[in-house]
2 protein chains.
Amino acid sequence: MDQSCEDVKNMMFMFKNIDRQVTQNFEKCTGISLTRYEILYTLLNSGQLSQIELQKKLKIDQAAITRHLKILEEKNLVYRNRNKQNNREVIVEITNNGMAILENCDSNKTQFFDELFHDFTTKEKQQLQMMLKKLMVNSGKQTG
Amino acid sequence: MDQSCEDVKNMMFMFKNIDRQVTQNFEKCTGISLTRYEILYTLLNSGQLSQIELQKKLKIDQAAITRHLKILEEKNLVYRNRNKQNNREVIVEITNNGMAILENCDSNKTQFFDELFHDFTTKEKQQLQMMLKKLMVNSGKQTG
DNA sequence: ATATTATAATTGACTAGTCAATGATTGATT
DNA sequence: AATCAATCATTGACTAGTCAATTATAATAT
């Protein structure tokens, strides 16, 4: 296999491993999973959202959203109520408890991210960000 | 939350999504999962390996390795035999069938990767590779 | 008004990882 | 030689996603 292809494959391998490591470490460090953090954070910024809106923002399957929210609701971190105007929808909202959780893990999270990127310049971070955006678009196009 | 931290969080989010997309698309495109492709490819290049050696190269859990190999063995893509010199070890080797599979998916794979990086310059790819290596190291350090 | 279609959430069955416990074998210590 | 510790593979129970089928509701067309 030619070198360029080998390199790309290697990058995919690294993607997988970095994601796994980061996800694991984030939870150890902050006490909340990265996805559930993301859900709470999105709700904090956007206010009330239906599950489908949340799904579109987070780009994970609706089934996964439903299950996460069930757990977050059990822990009193979100409220869920049917939309009176459209009974198909469930409207989700963060609770005070949920906000407190976000605040609590904030300094851990910051430290965590700082460590991860400690040997990156600001410019490098920008470049990475830009390249990731391109890959998001390209990988999104490949099917559907 | 400050902007830099927000950006980093966003990158982690993109990591997750790119990995998911790529993994999914790769399998659709080539007919084999990226991890199992990686296992076969590693065996092709390294010859016989014990499961623990494979585990160290792929950096995924031993349990996952065992399960993948079981399936690959059922499909006659690898051989597995206890090491006579050390009966704790299982020695794994790719079969001719396994090599054929790798060859078959090769052009699909190449096209797949080309599409994914179609708007990247060679230099950008190199930079990305370098940054991913740094992130691998950094994320590996954060715990154990 | 009724039948059809579309949308939103849920559930079940699946894949691919994790960790922790277990079993078998080997190596080291006394 | 017998015990104790370490190593390797396996298994079971778990998390977090996927897809496909189901249910309930809303919107549309006849």
Side-chain angles (χ1 to χ4, degrees), chain A residues 12-13 15-28 31-39 48-75 78 80-92 139 143-144, chain B residues 12-13 15-28 31-39 48-75 78 80-92 139 143-144:
Chain A
M12 292 308 108
F13 172 73
F15 257 83
K16 216 175 248 318
N17 281 289
I18 293 164
D19 174 48
R20 250 203 312 277
Q21 281 286 356
V22 166
T23 301
Q24 252 176 278
N25 296 348
F26 184 91
E27 181 153 9
K28 270 185 204 156
I32 184 171
S33 90
L34 190 46
T35 298
R36 291 212 264 269
Y37 178 91
E38 202 60 37
I39 291 176
Q48 298 185 333
L49 289 177
S50 67
Q51 295 191 186
I52 200 90
E53 286 169 321
L54 213 39
Q55 187 273 323
K56 277 171 193 153
K57 279 178 194 279
L58 296 188
K59 298 191 202 306
I60 57 179
D61 199 272
Q62 279 213 40
I65 297 278
T66 295
R67 284 161 192 146
H68 279 304
L69 288 175
K70 221 169 182 176
I71 290 167
L72 290 172
E73 190 182 34
E74 278 165 17
K75 290 185 183 172
V78 302
R80 295 163 80 212
N81 292 297
R82 287 274 160 191
N83 183 355
K84 299 292 174 197
Q85 271 68 53
N86 181 348
N87 257 292
R88 287 172 299 186
E89 287 183 349
V90 171
I91 299 293
V92 190
S139 68
T143 315
Chain B
M12 292 308 108
F13 171 73
F15 256 83
K16 217 176 248 315
N17 281 289
I18 293 164
D19 175 47
R20 251 203 312 277
Q21 280 286 358
V22 166
T23 301
Q24 252 175 278
N25 296 349
F26 183 90
E27 182 154 6
K28 269 184 206 155
I32 183 171
S33 90
L34 189 47
T35 298
R36 292 213 264 270
Y37 179 91
E38 201 59 37
I39 291 177
Q48 299 185 331
L49 288 177
S50 69
Q51 294 192 187
I52 200 87
E53 286 169 322
L54 214 39
Q55 186 274 322
K56 277 171 194 153
K57 279 178 194 282
L58 297 188
K59 298 193 202 305
I60 56 177
D61 199 272
Q62 279 212 38
I65 297 279
T66 295
R67 283 161 193 147
H68 279 303
L69 289 176
K70 223 169 178 173
I71 290 165
L72 290 172
E73 190 182 32
E74 279 164 16
K75 291 184 183 171
V78 302
R80 294 162 81 212
N81 292 296
R82 288 275 161 188
N83 182 356
K84 298 293 175 197
Q85 272 69 54
N86 182 348
N87 257 290
R88 286 171 302 188
E89 287 184 349
V90 171
I91 298 293
V92 190
S139 68
T143 315

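In the text below, chain A, chain B and the rest are named by the order of the sequence lines, each starting its count at 1.
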Visitor: Kindly say if Arg20(A) contacts the phosphate of dA16(D), meaning a side-chain N or O under 4.0 Å from OP1 or OP2.
Guide: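 No, Arg20(A) has no side-chain N/O under 4.0 Å of OP1/OP2 on dA16(D).
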Visitor: Is any side-chain N or O of Arg67(A) closer than 4.0 Å to OP1 or OP2 of dG17(D)?
Guide: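 No.
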Visitor: If you find the nucleotide of DNA chain D closest to Ile71(A) and the one closest to Gln24(B), which residue's nucleotide is nearer the 5' end?
Guide: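 It is Ile71(A), whose closest nucleotide lies nearer the 5' terminus.
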Visitor: Starting at the 5' end of nucleotides 4-10 of chain D, put B wherever the base has a protein heavy atom under 4.0 Å, S where only the sugar-phosphate does, and a dash everywhere else.
Guide: --BBSBB
Visitor: More 5' along DNA chain C: His68(B) or Asn83(B), using each one's nearest nucleotide?
Guide: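 On the 5' side of the pair lies His68(B).
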Visitor: Between Asn87(A) and Ala64(A), which residue's closest nucleotide on DNA chain D lies nearer the 5′ terminus?
Guide: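 Residue closer to the 5' terminus by nearest nucleotide: Ala64(A).
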Visitor: Identify every side-chain donor-acceptor pair in residues 82-90 of chain B under 3.5 Å, counting partners at least two apart or on other chains, and give the distances.
Guide:
unit_1   : atom_1 : unit_2   : atom_2 : d
Arg82(B) : NH1    : Asn87(B) : O      : 3.0
Arg82(B) : NH1    : Arg88(B) : O      : 2.8
Asn83(B) : OD1    : Gln85(B) : N      : 2.9
Asn83(B) : ND2    : Glu89(B) : OE1    : 3.1
Asn86(B) : OD1    : Arg88(B) : N      : 3.2
Asn86(B) : OD1    : Arg88(B) : NE     : 3.2

Visitor: Check the pair Ile71(A) / Arg67(A) against side-chain contact (heavy atoms from CB on, under 4.5 Å), numbers first and verdict last.
Guide: CA-CA 7 Å; Ile71(A) 290 167; Arg67(A) 284 161 192 146; 5.6 Å; no
Visitor: Over how many whole Å does the gap from Glu27(B) atom CD to dC19(D) atom C1' extend?
Guide: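 One finds 13 Å between C1' of dC19(D) and CD of Glu27(B), rounded.
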Visitor: Any base atoms under 4.0 Å from Thr23(A), or only sugar-phosphate, or nothing? Heavy atoms, all strands.
Guide: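 If one applies the 4.0 Å heavy-atom cut-off, Thr23(A) turns out to touch nothing in the nucleic acid.
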Visitor: Nearest 0.5 Å please: distance from the CD1 atom of Ile65(A) over to the CD atom of Glu53(A).
Guide: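 Result: 11.5 Å between the selected atoms.
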Visitor: Contact between Arg20(B) and Asp19(A) at the side-chain level, heavy atoms closer than 4.5 Å - yes or no?
Guide: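 No, side chains not in contact.
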